[in-house]
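First the structure, in the form of structure tokens, and then the observations on it.
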Amino acid sequence: MAPTIDVRAAAPPGSDFAPLMRRIREAGLLDRRRVHYARLIALNALAYGAVWAGVVVLGNSWWALLLAVPAAVFTARTCFLGHDAGHAQIARTRRANRLLGLVHGNLMIGMSYGWWTDKHNRHHANPNHVDKDPDVAPGVLVWTEGQAEGRGGAAARWFTRNQARMFFPLLLLEGINLKVSGVRGLRDRPPRERALEAVLLAAHAAWYFGLLFTVMSPVHAVVFIVVHQGLLGLHLGCSFAPNHKGMAMPDPEQRLGHLERQVLTSRNVRGGPVVDWMLGGLNYQIEHHLFPNMPRPNLRHAQPVVRAHCAATGLPYAEAGVADSYAQALRHMDNVGEAAGPR
């Protein structure tokens, strides 16, 4: 079961965030890093293009299937750039960030940028809130004992009891799930946005499936798609899963300020440059949630400032290694699953 939130009653909600924001602003950590992002976008585009060029060169060969691995890695990097654009971390204007998001989301990876941004913003506003955060809404998986107790049917209850064991295999489907959910979400977009996104999604499908089924036999193409999308889902799921699962879940009646709401529900993942790169900077989850429009390369510089501020104000600052972060998330899922009944 996730821990409940115990906030110090002496401080009114939000009273401790203003001085932290002032220090972060004075340090220039909210300033745009346009040169850094221009370099990052260019390098990612080159690597992404090189992978697909390799697919064309190898053509109808089983060796081409090995390229599904780097294809998944650099597709995930493209997702991270779309994520940063959605938080207005890259460009100065909303229009430019939206354009970058549409290119990286809809056109390059086939996922609705508008649908994802709306969903992700609701998560940021109320992380781990069972009534407001779509990331902890009951679905195939459940996140609270109440959700587990509400499961009906022997098969559903068995699955819930074993959901921790099924978590990583399920992530293999997450790449497809994001695309399907995005297409379904188009109906809720304004008409002009829906039309633009639909055209870009169709363009993605045309080049992605057209390229693969042109240079490969149907069997090779299908295998490539399965491996590519499966590894993409696993990569993305492993990047997002350690950040909030097993952390505190706010009581709907509690009034929390921005500092408490974001810090107490988030967990950082320790590691070096490799972890930073593989997780797309999301391992600095506390800093990202406190300052969602902070450019990704500035998050590691903000960490010591935020950690010291939390220590001074008495807020726990959660950090874990990579393996431990997954272990904590899986323990939470296993404990919740027990509420569905005996194994």
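Values reported hereafter were calculated over all heavy atoms of this structure, with side chains retained and with hydrogens, waters and symmetry mates removed.
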Student check: side-chain heavy atoms of [X] and [Y] closer than 4.5 Å:
| X | Y | answer |
| --- | --- | --- |
| Q303 | Y317 | yes |
| Q89 | H288 | yes |
| W115 | L178 | yes |
| R34 | I90 | no |
| W116 | S181 | no |
| Q163 | V336 | yes |
| L196 | R192 | no |
| N335 | E145 | no |

Any donor-acceptor N/O pair, [X] side chain to [Y] backbone, under 3.5 Å:
| X | Y | answer |
| --- | --- | --- |
| H104 | G82 | no |
| R94 | R92 | no |
| H258 | L290 | yes |
| E197 | G114 | yes |
| N268 | I286 | yes |
| R161 | G337 | no |
| Q262 | H124 | yes |
| R261 | L256 | yes |
| D334 | A164 | no |
| N162 | W158 | yes |

- Show your working on side chain to side chain contact (heavy atoms under 4.5 Å, CB included) between H309 and L315 and close with a plain yes or no. CA-CA 8 Å; H309 185 79; L315 277 177; over 6 Å; no
- Message: Please determine whether a side-chain nitrogen of the Lys or Arg among R300 and E287 lies less than 4.0 Å from a carboxylate oxygen of the Asp or Glu.
- Response: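 Looking at E287 together with R300, the answer is no, because their closest N to O distance does not fall below 4.0 Å.
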- Item | Salt bridge present between K119 and D135 (N-O < 4.0 angstrom) |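 Salt bridge between K119 and D135, a charged N being under 4.0 Å from a carboxylate O: yes.
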- Message: As a test of understanding, state which of H244, E319, R267 forms a side chain to side chain contact (heavy atoms under 4.5 Å, CB included) with Q285.
- Response: H244
Closest heavy-atom contact between [X] and [Y]?
| X | Y | value |
| --- | --- | --- |
| G86 | Y113 | CA-OH, 3.3 Å |
| N293 | R32 | O-NH1, 3.3 Å |
| S325 | A320 | N-CB, 4.0 Å |
| L212 | A221 | O-CB, 3.8 Å |
| A125 | P127 | C-CD, 3.7 Å |
| A339 | A148 | CB-CB, 3.8 Å |

- Query: W143 vs F167 aromatic rings, parallel, tilted or perpendicular, using cut-offs 30° and 60°?
  - Reply: perpendicular
Reported [atom1]-to-[atom2] distance for the pair [X] and [Y], which is rounded to 0.5 angstrom:
| X | Y | atom1 | atom2 | result |
| --- | --- | --- | --- | --- |
| H83 | L236 | NE2 | CG | 11.0 Å |
| R296 | L81 | CZ | CG | 5.5 Å |
| T313 | L20 | OG1 | CG | 8.5 Å |
| S239 | L279 | OG | CG | 5.0 Å |
| H301 | L29 | NE2 | CG | 7.5 Å |
| T117 | R122 | OG1 | CZ | 11.5 Å |

- Message: Checking V35 against R39 for the side chain to side chain contact (heavy atoms under 4.5 Å, CB included) test, could you report, in this order, the C-alpha distance in whole Å, the side-chain angles of both residues, the deciding distance, and whether it holds?
- Response: CA-CA 6 Å; V35 173; R39 186 185 305 116; 3.7 Å; yes
Connected via hydrophobic side-chain network under 4.5 Å: [X] and [Y]:
| X | Y | answer |
| --- | --- | --- |
| M216 | L231 | yes |
| L172 | L330 | yes |
| L46 | F80 | no |
| W207 | F74 | yes |
| V199 | M111 | no |

Is the closest side-chain donor-acceptor distance between [X] and [Y] under 3.5 Å?
| X | Y | result |
| --- | --- | --- |
| H332 | Q328 | no |
| N243 | S266 | no |
| S217 | H220 | yes |
| H228 | Y208 | yes |
| R33 | N298 | yes |

- Task: Start with the C-alpha distance between V275 and V322, add both sets of side-chain angles, then the distance that settles side chain to side chain contact (heavy atoms under 4.5 Å, CB included), and finish with yes or no.
- Result: CA-CA 8 Å; V275 172; V322 175; 3.9 Å; yes
- Could you walk me through whether N106 and S112 pass side-chain hydrogen bond (donor to acceptor under 3.5 Å, both in side chains), step by step? CA-CA 5 Å; N106 293 58; S112 169; 4.8 Å; no
- Query: When the aromatic ring centroids of F224 and W52 are compared, is their separation below 6.0 Å?
  - Reply: yes
- Could you go through the side-chain hydrogen bond (donor to acceptor under 3.5 Å, both in side chains) check for N283 and D276 one step at a time? CA-CA 7 Å; N283 47 313; D276 290 1; 2.6 Å; yes
- Where do E193 and R98 land on the side chain to side chain contact (heavy atoms under 4.5 Å, CB included) test, with the steps shown first? CA-CA 11 Å; E193 292 185 16; R98 179 170 178 266; 3.5 Å; yes
